[in-house]
Structure formats: structure tokens, C-alpha cells
Amino acid sequence: MPDRAPQPVDRTLPTEEARDLIALVREIVQREIAPRAAEEEEAGRFPRELFSLLSESGLLGLPYDSECGGGDQPYEVYLQVLEELAAARLTVGLGVSVHSLACHALANYGTKEQRGEYLAAMLGGGLLGAYCLSEPSSGSDAASLRTKAERDGDDWVITGTKAWITHGGVADFYTVLARSGGEGARGISAFLVPGDAEGLSAAAPEKKMGMKGSPTAQLHFDGVRVPDARRIGDEGQGFAIALSALDSGRLGIAACAIGVAQAALDESLDYATGRRQFGRPIADFQGLRFMLADMATKVEAGRALYLAAARLRDRGLPFSKEAAMAKLFCTDTAMQVATDAVQILGGYGYTADFPVERLMREAKVLQIVEGTNQIQRMVIARHLAGPESR
């Protein structure tokens, strides 16, 4: 049996423009991302210049309107771009997803004046964003956040600490959720905070199992003064804005997860068709062939699930349940497929000389970020059976 190199994913895309876009992404991946991914991840290097290139190429604002500097692409297309990027390097794919999440509040809830002043630069002006919801003591229970925003004339003064912030310390702007009123979800407002604001500082990046090239850090707000003109939406609307963003963000994580799973499957196929034992390729052995078949089936099922949810979003239909399902299934799939890939490569799979061990470490975080998979199950169950009894 000859070696059989994995082929690019055969995608069903809605327009010729979308096909050209995927071709551009694959060119950037092959030229700029894949060749240095393993080395830069091992060194913990954040590829800021690469995000500048993606911005120049129009890839940081794809799902937003062109009148605001975006790419006018449906979510169905945007998510497949994320998948291609994440398959090459999760730091990049997830970074684009987080940037898009950080733009969501202003693009969807900002005033016309706010969008005109800030949004074009955020979407295509070389800037990089971050999203600040979680705190040291409020992760899954985000409505209990303690960071305060207190009114002082025409300004707000923000004090507190945010945690687990992707791009913390390197972002140019932060979408920040802070408590501007009473307890609970209705006391939270959203703010657009510049990355160089006085009183804003970042702790040392967390030392993580994977995604070492993507800085994740606590952010400290020590009396950060923000004009009321940078408040997004109405006072007390912040938590609703956050939930709206997370529905879309969960689809981004789902797409990134399938990218990781596809990369693990590709590495497994490449190895299994080239590695010979007992006089023939190990891909000839039924036990391994069945593993590959199961892996490929899970990847295709995950891709179909996140695309189905994206098409609901593109049609303006409710998609919260489907987004939670996609995030749950796709990230569990990434973990399962990456673990199986390590098994297929045997001892080699456990070494840093082959990429599957990095893929397995990276897959794990996708089951946690933007709502753990236990939270996704709670969301799905509420849609099916209604709220829990109190």
C-alpha cells in the first residue's frame, strides 16, 4: 500500500467568494503558520505579527458588515475559516475567535456613533481584542462577577480583577463586563476599555498545559477611568450582551475543535499508511482501520453539527441550544480523536517530535473554555425540559 498523504477538507461553500477565501486561508496557513507552529508553541511565542497579517488580509472581521469594516461573510463561512486556522495552530484559530467575540458587543449593541468611531479599526485596522467576563471567583457562575464600575460624572471608574483572559496583556482593546448596579445579572454593564488605559495591568501569563503561545492572564483594573461614551448598550444590559456573544463564541470554539480533530486525524492517516510492521502498513490491520473510521466519522459529524447551527444563526433563527450542542460534541470529539491519534502513533505519539501530543494537550482546554461541557449540558437540558426546580 503506498503512502497516502491527507487531502484538504472538501468543503461545501455557498459562493465563489467563499471558495476564494478558503484558498487564501490555506495559502497563509502553508506559508506563514504551519511551518513554525510547533517551534513557536514550544517556545511560548505569541505570533502578534501574524495577527497583523490576518487583519491586513481581512480575516479578523469576517462575520461583520462591510459598512463597519467587516467581511460580510455568513457564519457558515467564517467558522470554516476558523477550522482551517485551528488545524494549523490552535493559538491562531482560537485567537481569531476571541477577537471576533470581543467585537460582538460593539458591533451588535453599540450606537451608530460608537461603531463609526471604533469598529473599523477593531475589525480591520490591525488591532487585537480580548473579552473580559471571567474572574477568579466567578467562572461558570458569571452573573456573580465582582468587578465594579462606579459612575463619576461623565466617566465610569472600574476596579477589580478579571481572570483567564486570552490575549491578556497584549490586546489593544478589551470588552469588559463589570457590576454597575445591584446584585445579579441585571446589575452588569459592558464597556470598551483601551489596552493602554491608565490603571490597567496584566499579571504574568498562566503556565498552561497547552496553547503555550497564546497568553492567558489575569487583568487588574485599579481605578481605570472610562468615559460613558465607551459604555456599550444600556446600563444593566451587560449580562444579556455577554450571553448573546457567548452563543456565537461557542460556535467558534466548536469549529476550532474540529480543526484540531481534523489535524489529529490527518497525522494518524499519514503515519498509519507509512508505518510498516510485520511486512505491511499498519493501516492494513483491522483494529487500526476501525479506529480511523470512527475518528473520521466523529469529525464529519462534528463539522455537520456546527455548520447546521451556523446556518440557523445566518437565517436569524434561534440557535442557542444548537450552539451548546455543537460546542459539547465538537470539543469532546477533539479530545477523543487526539487521544486516539496518540495511541495510533504509539511511543512516537507520546513524544514532542510528532504533533499529536501537542494536539491532545490543546484539545483539553476546548472542553473548558467559553462554558465547560458540563455547563453546555445544563444549557441543552433547559431547552429540552425547562428550568430546574428551585
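- Proximity of Leu90 to Cys256: side-chain heavy atoms (C-beta onward) are separated by under 4.5 Å at one or more points.
- Panel note: side chain Arg276, backbone Gly279; a donor-acceptor pair is recorded below 3.5 Å.
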Next on the checklist: If you apply the rule side-chain contact (heavy atoms from CB on, under 4.5 Å), what do you find for Val81 with Ile22, and how did you get there?
Outcome noted: CA-CA 6 Å; Val81 169; Ile22 292 294; 4.0 Å; yes
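- The number of heavy-atom neighbours closer than 6.0 Å to CD of Glu49, taken from other residues, nucleotides and ligands shown, is above 12.
- For the 3.5 Å distance criterion, the side chains of Thr147 and Glu135 qualify, holding a donor opposite an acceptor.
- Within the cation-pi definition used here (under 6.0 Å to the ring centroid, within 45° of the axis), Arg280 qualifies as a partner of Phe285.
- Closest of all the heavy-atom pairs between Ala217 and Pro205 is CB-CA, 4.1 Å.
- Counting non-hydrogen atoms of other residues, nucleotides and ligands closer than 6.0 Å to CD of Glu388 gives a total above 12.
- A distance-only check finds no donor-acceptor pair linking the side chain of Asp314 to the backbone of Pro74 [under 3.5 Å].
- Arg179 places no side-chain N or O within 3.5 Å of a backbone atom of Arg146 that could act as its donor or acceptor partner.
- For the pair Glu198 and Arg225, the salt-bridge criterion is not met [side-chain N within less than 4.0 Å of a carboxylate O].
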Next on the checklist: What verdict does the side-chain hydrogen bond (donor to acceptor under 3.5 Å, both in side chains) test give for Thr331 and Asn373, after you've listed the backbone C-alpha separation in whole Å, the side-chain angles of each residue and the deciding distance to 0.1 Å?
Outcome noted: CA-CA 8 Å; Thr331 58; Asn373 282 6; 2.8 Å; yes
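- Below 30°, between 30° and 60°, or above 60°: for Tyr109 and His104 the angle between ring planes is between 30° and 60°, a tilted geometry.
- One side chain, Gln262 or Asp266, offers a donor N or O that lies under 3.5 Å from an acceptor on the other.
- Across Ala171 and Gly129, no two heavy atoms sit closer than the pair CB-C, 4.0 Å.
- Arg275 places no side-chain N or O within 3.5 Å of a backbone atom of Gln277 that could act as its donor or acceptor partner.
- One hydrophobic cluster, built from ILVMFWY side chains closer than 4.5 Å, cannot hold both Trp156 and Leu106; they sit in different ones.
- Side-chain contact between Arg361 and Lys212 is present, with heavy atoms from C-beta onward closer than 4.5 Å.
- Asp65 CG: more than 12 foreign heavy atoms inside a 6.0 Å radius.
- Looking at heavy atoms from C-beta onward, Tyr174 lies out of side-chain contact with Pro194 at the 4.5 angstrom threshold.
- Under the 4.5 Å side-chain heavy-atom criterion for ILVMFWY residues, no single connected hydrophobic cluster contains both Val176 and Tyr131.
- The pair Arg45-Glu39 does not count as a salt bridge, with every side-chain nitrogen at least 4.0 angstrom from each carboxylate oxygen.
- Counting only distance, with no hydrogens or angles, the side chain of Thr175 and the backbone of Ala102 share a donor-acceptor pair below 3.5 Å.
- Side chains of Arg313 and Ser248: a donor on one and an acceptor on the other come within 3.5 Å.
- Annotation for Leu101 and Leu246: closest pair CD1-N, 4.2 Å, computed over non-hydrogen atoms.
- When the shell of 6.0 Å around CZ of Arg186 is examined, it contains 12 or fewer heavy atoms from other residues, nucleotides or ligands.
- For the pair Thr372 (side chain) and Ile375 (backbone), a donor-acceptor distance under 3.5 Å is present.
- A donor-acceptor pair under 3.5 Å links the side-chain atoms of Thr351 to the main chain of Tyr348, judged by distance alone.
- Salt bridge Arg36/Glu41: absent, no basic N to carboxylate O contact under 4.0 Å.
- The number of heavy atoms from other shown groups lying within 6.0 Å of NZ (Lys208) is above 12.
- No side-chain donor-acceptor contact under 3.5 Å links Thr297 and Asp294.
- For His383 (side chain) and Glu322 (main-chain N/O), no donor-acceptor pair under 3.5 Å exists by modelled atom type.
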Next on the checklist: Between Phe191 and Arg231, does the side-chain contact (heavy atoms from CB on, under 4.5 Å) criterion hold? Intermediate values first, please.
Outcome noted: CA-CA 4 Å; Phe191 302 89; Arg231 174 176 48 83; 3.9 Å; yes
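- Residues Leu292 and Ser268 share a closest heavy-atom pair of CD2-CB, 3.9 Å.
- Checked options Glu83, Lys327, Arg311; the residue passing with Tyr306 is Glu83 (criterion: side chain to side chain donor-acceptor pair (under 3.5 Å)).
- Linking ILVMFWY residues whenever their side-chain heavy atoms come closer than 4.5 Å, directly or via other members, places Leu345 and Met335 in the same cluster.
- Looking at Arg377 and Asp332, a side-chain N of the basic residue comes within less than 4.0 Å of a carboxylate O on the acidic one, giving a salt bridge.
- Hydrophobic clustering, with ILVMFWY side chains joined whenever heavy atoms are under 4.5 angstrom apart, groups Leu128 together with Ile28.
- Checked by atom type and distance alone, the side chain of Arg115 pairs as donor or acceptor with a backbone atom of Gly110 at under 3.5 Å.
- Under the 4.5 Å side-chain heavy-atom criterion for Ile, Leu, Val, Met, Phe, Trp and Tyr, Leu243 and Met378 are members of distinct hydrophobic clusters.
- A donor-acceptor contact closer than 3.5 angstrom is absent between the side chains of Ser201 and His220.
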Item to check | side-chain contact (heavy atoms from CB on, under 4.5 Å) between Ile165 and Leu133, intermediate numbers included | outcome: CA-CA 8 Å; Ile165 306 305; Leu133 178 61; over 6 Å; no
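- In this structure, a donor-acceptor pair under 3.5 Å is present between the side chains of Ser180 and Ser189.
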Next on the checklist: Go through it in stages, so that I can follow the logic: the residues are Tyr118 and Arg230, the test is side-chain contact (heavy atoms from CB on, under 4.5 Å), and I'd like the CA-CA distance, side-chain angles, deciding distance and then a yes or no.
Outcome noted: CA-CA 10 Å; Tyr118 304 118; Arg230 281 182 169 264; 3.3 Å; yes
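- Between the side chains of Lys162 and Ser134, not a single donor N or O lies within less than 3.5 Å of an accepting N or O.
- Between the side chain of Ser244 and the backbone N or O of Ala240, no donor-acceptor pair lies under 3.5 Å.
- When every heavy atom of Leu82 is checked against every heavy atom of Gly252, the shortest pair comes out as CD1-CA, 3.7 Å.
- Classified by interplanar angle (parallel below 30°, tilted 30° to 60°, perpendicular above 60°), the ring pair His167/Phe46 is tilted.
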